[in-house]
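The structure appears below as structure tokens.
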Amino acid sequence: MTIDSLEARVDPATHATSADETVTALIARSNALGSDPRITNYAGGNTSAKGTDTDPVTGEPVELLWVKGSGGDLGTLTPAGLAVLRLDRVRALQDMYASDTGPGVEREDEMVAAFDYTLHGKGGAAPSIDTAMHALVDAAHVDHLHPDAGIAIATAADGPALTSTIFGDRVVWVPWRRPGFQLGLDIAAIKRDHPQAIGTILGGHGITAWGATSEEAEANSRWIIDTAERYIAEHGAEQPFGAVLAGFEALPADERHARAAALAPTIRGIAGHDKPVVGHFADSDVVLDFLASARADELAALGTSCPDHFLRTKVKPLILDLPATASVDEQTARLHELHEQYRADYQAYYDRHANPDSPAIRGADPLIVLVPGVGMFSYGKDAQTARVAGEFYVNAINVMRGAESLSTYAPIDEAEKFRIEYWALEEAKLQRMPAPAKLSTRIALVTGAASGIGKAIAKRLAAEGAAVVIADLDLAKAQEAAAEIGGPDQAIGVAANVTSAADIEQAIQQTLLHFGGLDLVVNNAGLSLSKSLLETTEQDWDLQHDVMAKGSFLVSKAAAKVLIEQALGGDIVYISSKNSVFAGPNNIAYSATKADQAHQVRLLAAELGEHGIRVNGINPDGVVRGSGIFASGWGANRAKTYGIEEQDLGAFYAQRTILKREVVPENVANAVYAICTDDFSHTTGLHVPVDAGVAAAFLR
């Protein structure tokens, strides 16, 4: 029998009625729950539904489980993100689990691999560790969520008593147990033994709720969360974090952001000591109020509890113990001292709990750094991961507030945190992740990037994994170009006149606050006036040099300060020109300033090399297509100089080259990308011609 004949046995009408409606309702519920940050966090929690579909082999109905797959996000979940399993086979795993020869609780991780043998058809997404929680509970629809209010009850020292007081017999307490097959059995037993219950509080972790319909499951989940929130609001202490400490209050917004930008290079160097990271800065009232409180140090040291929290934030943050009134120098010096302590503490934590089978330590640097009066810096492998880590720590603060307002915050113990952080299943998930792009974790600032060469460079760098800041005179166009690349986790647009040191400082501050640092600067902003010596005015000369020679100098100076403070190396690239070495008619101001830029490359390469900062240049020629310079009059003037039509200029430039090829913006972007990779790790002070071969411009 062929696959086509198997598919022909499925009745489309029957198939659509049951399975499609079940999946549609599940996706709608998942998106509704996942889009509310008070209910669950990004990629946290999971939902499921049970229903029937037609087995294409037998043509008979088969009972299935659709459940959010590993690594998915409820708020953006689609059908492709669901794992699809045969319930009869999943339930049969109970016999294997309980048998004398089966895994048992000490080997329950093996059950996750067993889920692969229960998949239906192509199976969809990979099943997660929480699959048993959904499959084994005798309810058609199950939600597992991480609401702040629910975790507050789950981490309270008297959580069992609070659960009974707040929810009566409708919600049952489940003592802490690591996610897995046994936890699924535990919850299934509660559903069986407590017919009046609609869900559970999972000690140290979150909540689970169920229902006979998708609407009932969602309503039950929301009732548990709303009831917990209401109880905390009505019965909680007014100052669970203690009194406000003098000097630790939030600075005014402008001062706060200026201080954050001043500290960002140092803090990113700390977070990226073992491996490079991208950062994010947040200064919400939740964060600032926590950091101003007397008990912030004490509570932060206890760490987070929910596994989704500490897998994103590490077991605890690094918190600066100086007031906001301290100087930048005092704060940076203290941050370095605290970093050494943090690394030693984390190594000791690893050594206390690791065994011969444990994965290697994954780095001893903090992922969350808290600065009183200023805000929170969070870090990750990319901008989204960094931002989400910060969101998770805000969740953790809310959890601590709720637990302390009713009781005492009592997260799961350190040994359990280690078991999850260095879980073999977590390590396997990390190993399955695709290799990072060559420029992942790198943060790039490209000037004059709203069009032409600059825009092509920004797109190429982003395509290779970099977070990109597009700086341009025209803010609207810069933001449009950034939007073409992707959302704010990939690129942002900022306004900057490179002739203004203040504008440049503001653009770099925006870069630091949004992405946490800076690694790669491309001096691309420019203009061109095609005039002979006698036609060139003093104003022409000054404008040309202000934008390119002075502008490049100002950008490089401001960027170098950040790169040096980070101590992570970096790249500065100048988009110079073939005209920096080639003498042609009617472009005295343009060519002279390009020669200035070309020598800046050599000078800065010699000066900044001791900091691991590479400085290189790209020498394009005749980039007509998409060029703002050529469109603004330069093209018409150059065509007139050569006695050709303007529309033929690109072809004319191509014919005068050795390779007879027209140079386009993407060719320049390719060269910038290449020179910034590790393939050129030992190259600085180089000018790369991108001119299709102009012998008169060969470097000597």
Side-chain angles (χ1 to χ4, degrees), residues 446-460 463 470 472-474 476-478 480-481 484-485 522-537 540-541 543-544 547-548 574-595 597 617-673 688-698:
V446 185
T447 65
S451 63
I453 291 174
K455 186 175 181 180
I457 292 169
K459 284 186 171 182
R460 181 62 198 275
I470 293 176
D472 200 273
L473 267 175
D474 190 322
K477 288 183 178 179
E480 287 174 12
E484 286 182 34
I485 289 173
V522 182
N523 278 309
N524 171 75
L527 58 87
S528 184
L529 304 171
S530 178
K531 294 183 180 181
S532 68
L533 171 64
L534 297 182
E535 293 173 320
T536 301
T537 67
D540 293 335
W541 179 271
L543 176 61
Q544 195 77 74
V547 172
M548 294 195 291
Y574 280 66
I575 306 303
S576 185
S577 170
K578 170 265 297 180
N579 287 339
S580 66
V581 293
F582 172 81
N586 298 334
N587 61 359
I588 175 66
Y590 176 81
S591 293
T593 197
K594 283 299 182 184
Q597 285 185 309
I618 308 295
N619 286 356
D621 180 44
V623 182
V624 179
R625 193 184 309 170
S627 169
I629 287 179
F630 276 88
S632 63
W634 171 264
N637 287 330
R638 299 317 292 165
K640 181 179 179 181
T641 297
Y642 296 121
I644 60 172
E645 295 297 320
E646 184 176 0
Q647 65 265 25
D648 299 328
L649 193 57
F652 171 81
Y653 282 144
Q655 289 307 307
R656 73 183 186 181
T657 70
I658 296 170
L659 298 176
K660 309 301 181 188
R661 295 174 182 171
E662 182 178 355
V663 180
V664 297
E666 289 72 22
N667 301 139
V668 183
N670 293 342
V672 173
Y673 159 68
V688 179
V690 183
D691 57 14
V694 178
F698 283 175

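One is the number of the first residue; the rest follow in order along the sequence.
Scanning for side chain to side chain contact (heavy atoms under 4.5 Å, CB included) contacts around A592 gives W541, H545, with sequence neighbours left out. Y673 pairs by the ring-ring contact (aromatic ring centres under 6.0 Å, His included) definition with nothing, not counting sequence neighbours.
When side chains are defined from C-beta on, I470 does not count as touching E484, because their heavy atoms never get closer than 4.5 Å. In this structure, K594 and M548 have side chains that are in contact, with non-hydrogen atoms separated by less than 4.5 Å. Side-chain contact between L649 and I644: present, with at least one pair of heavy atoms (C-beta onward) separated by less than 4.5 Å. Looking at heavy atoms from C-beta onward, V694 lies out of side-chain contact with P689 at the 4.5 angstrom threshold. Between I588 and K531, every side-chain heavy-atom pair lies at or beyond the 4.5 Å cut-off.
Residue I618 holds its CD1 atom at 11.0 Å from CG of N524, rounded to the nearest 0.5 Å. With values rounded to the nearest 0.5 angstrom, L534 atom CG is found 10.0 Å from N586 atom CG.
More than 12 non-hydrogen atoms from other residues, nucleotides or ligands lie less than 6.0 angstrom from CD of Q655.
When all heavy atoms are compared, the tightest approach of E662 to G650 is OE2-CA, 3.8 Å.
Looking only at distances, no side-chain donor or acceptor of D691 sits under 3.5 Å from a matching main-chain atom of K578. In this structure, S528 contributes its side chain and Y590 its backbone to no donor-acceptor pair below 3.5 Å.
Tested against V690, the residues D621, N670, V663, V672 include a single side-chain contact (heavy atoms from CB on, under 4.5 Å) partner, V663.
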Candidate pair N619 and S580, rule side chain to side chain contact (heavy atoms under 4.5 Å, CB included), full reasoning
CA-CA 8 Å; N619 286 356; S580 66; 3.7 Å; yes

